[in-house]
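Here's the structure, in structure tokens; my notes come after.
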Amino acid sequence: MTGNSAPVRLRMIEAMTRRAQAHEGEARRILDARLAALKAAHEQAVEHAGAAQAGATMTAPTPTRTGGPLAQLAHYIAQNAATATTPLDAAGEPEALRYLRSTWSRLSADKRLTQSLAKVPDKAGPLNSHQLVHRALSAMRDASPDYFHHFVSYVDALMGLDPLNSAGPASAAAEKASQAPSTRQRKSARGK
């Protein structure tokens, strides 16, 4: 069993310990022998995993009769928190996060392509703007899927910023300009 099966092995050791405590005599001796063999195998696997992980060791939580499985799991996590590592990619983020982000990006891009197809009228001519946009996006996806996903995420970011831009200082300046008297009105006022 490898380091990935250590929690299974630990649960087996805990169960065997509880079973051994419930027996006496010859049955207890047999269970104790099996328990000693399991513990030795676990220690050997931990040493092997420790050498592979540059000295990281995992210890079995001591089975308690009062703590339930959740308490034992919390104890196990607390003991091994220092040795637990999440695989990181070159950018320093967890690989699972990168995978989920790329999957979400791909699904979002495909959704945008489907939305662009829905906007194309049934009898659209060859120069219809919706038809042209959809054909361009489809060609981009076929030619370079990675660029297509990057492009769509960029467009999504710009679309997210658009409401902020329309409510920003530019709209306030346009409103102010519409309230100010026009140059013609000012010139006619000076001439009088």
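Everything numeric here is computed off the predicted structure, so don't read it as measured data. Just so it is clear, the values below take in all heavy atoms, side chains as well, and ignore hydrogens, waters and symmetry mates.
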> When rounded to the nearest 0.5 angstrom, what distance separates CG in Leu97 from OG in Ser102?
Replying inline: 9.5 Å
> How long is the gap from NZ on Lys119 to OG on Ser129, to the nearest 0.5 Å?
Replying inline: 10.0 Å
>> Could you check whether any side-chain heavy atom of Glu14 comes within less than 4.5 Å of a side-chain heavy atom of Arg18, counting everything from C-beta outward?
In response: yes
> Looking only at atom types and distance, does a side-chain atom of Ser105 sit under 3.5 Å from a main-chain N or O of Arg101, one as donor and one as acceptor?
Replying inline: no
> Under a 4.5 Å cut-off applied to non-hydrogen side-chain atoms, are His149 and Arg141 in contact?
Replying inline: no
>> Using every non-hydrogen atom in the two residues, find where Arg28 and His23 come nearest and quote the distance to one decimal.
In response: CD-O, 3.4 Å
> Which distance, rounded to the nearest 0.5 Å, do you find between the CH2 of Trp104 and the OH of Tyr99?
Replying inline: 14.0 Å
> Linking I/L/V/M/F/W/Y whenever their side-chain heavy atoms sit closer than 4.5 Å, directly or via other members, would Val152 and Leu117 fall into one cluster?
Replying inline: no
> Closest heavy-atom contact between His130 and Val120?
Replying inline: O-CG2, 3.6 Å
> Name the one of Gln21, Glu26, Arg19 that satisfies side chain to side chain contact (heavy atoms under 4.5 Å, CB included) with Leu31?
Replying inline: Arg19
> How far does OH of Tyr147 sit from CE of Met140, to the nearest 0.5 angstrom?
Replying inline: 5.5 Å
> What distance do Ser138 atom OG and Arg135 atom CZ have between them, rounded to the nearest 0.5 Å?
Replying inline: 10.0 Å
>> According to a hydrophobic-cluster definition based on side-chain heavy atoms being under 4.5 Å apart (Ile, Leu, Val, Met, Phe, Trp, Tyr only), do Phe148 and Met159 belong together?
In response: yes
> In terms of hydrophobic clusters joined by side-chain contacts under 4.5 Å, are Leu132 and Leu137 together?
Replying inline: no
> Got a sec: does the CD of Gln115 have more than 12 other heavy atoms crowding it under 6.0 Å?
Replying inline: yes
>> Within the 4.5 Å heavy-atom criterion, are Leu164 and Leu161 side-chain neighbours or not?
In response: yes
>> Please report the interatomic distance OG1(Thr17) to CG(Leu35), rounded to the nearest 0.5 Å.
In response: 4.0 Å
> Do Val155 and Val133 share a hydrophobic cluster, counting only Ile, Leu, Val, Met, Phe, Trp and Tyr and linking them when any side-chain heavy atoms are less than 4.5 Å apart?
Replying inline: yes
> Quick one: are Pro69 and Arg11 in side-chain contact, heavy atoms under 4.5 Å?
Replying inline: yes
> Can you find a heavy atom in the side chain of Pro126 that is under 4.5 Å from one in the side chain of Gln131?
Replying inline: no
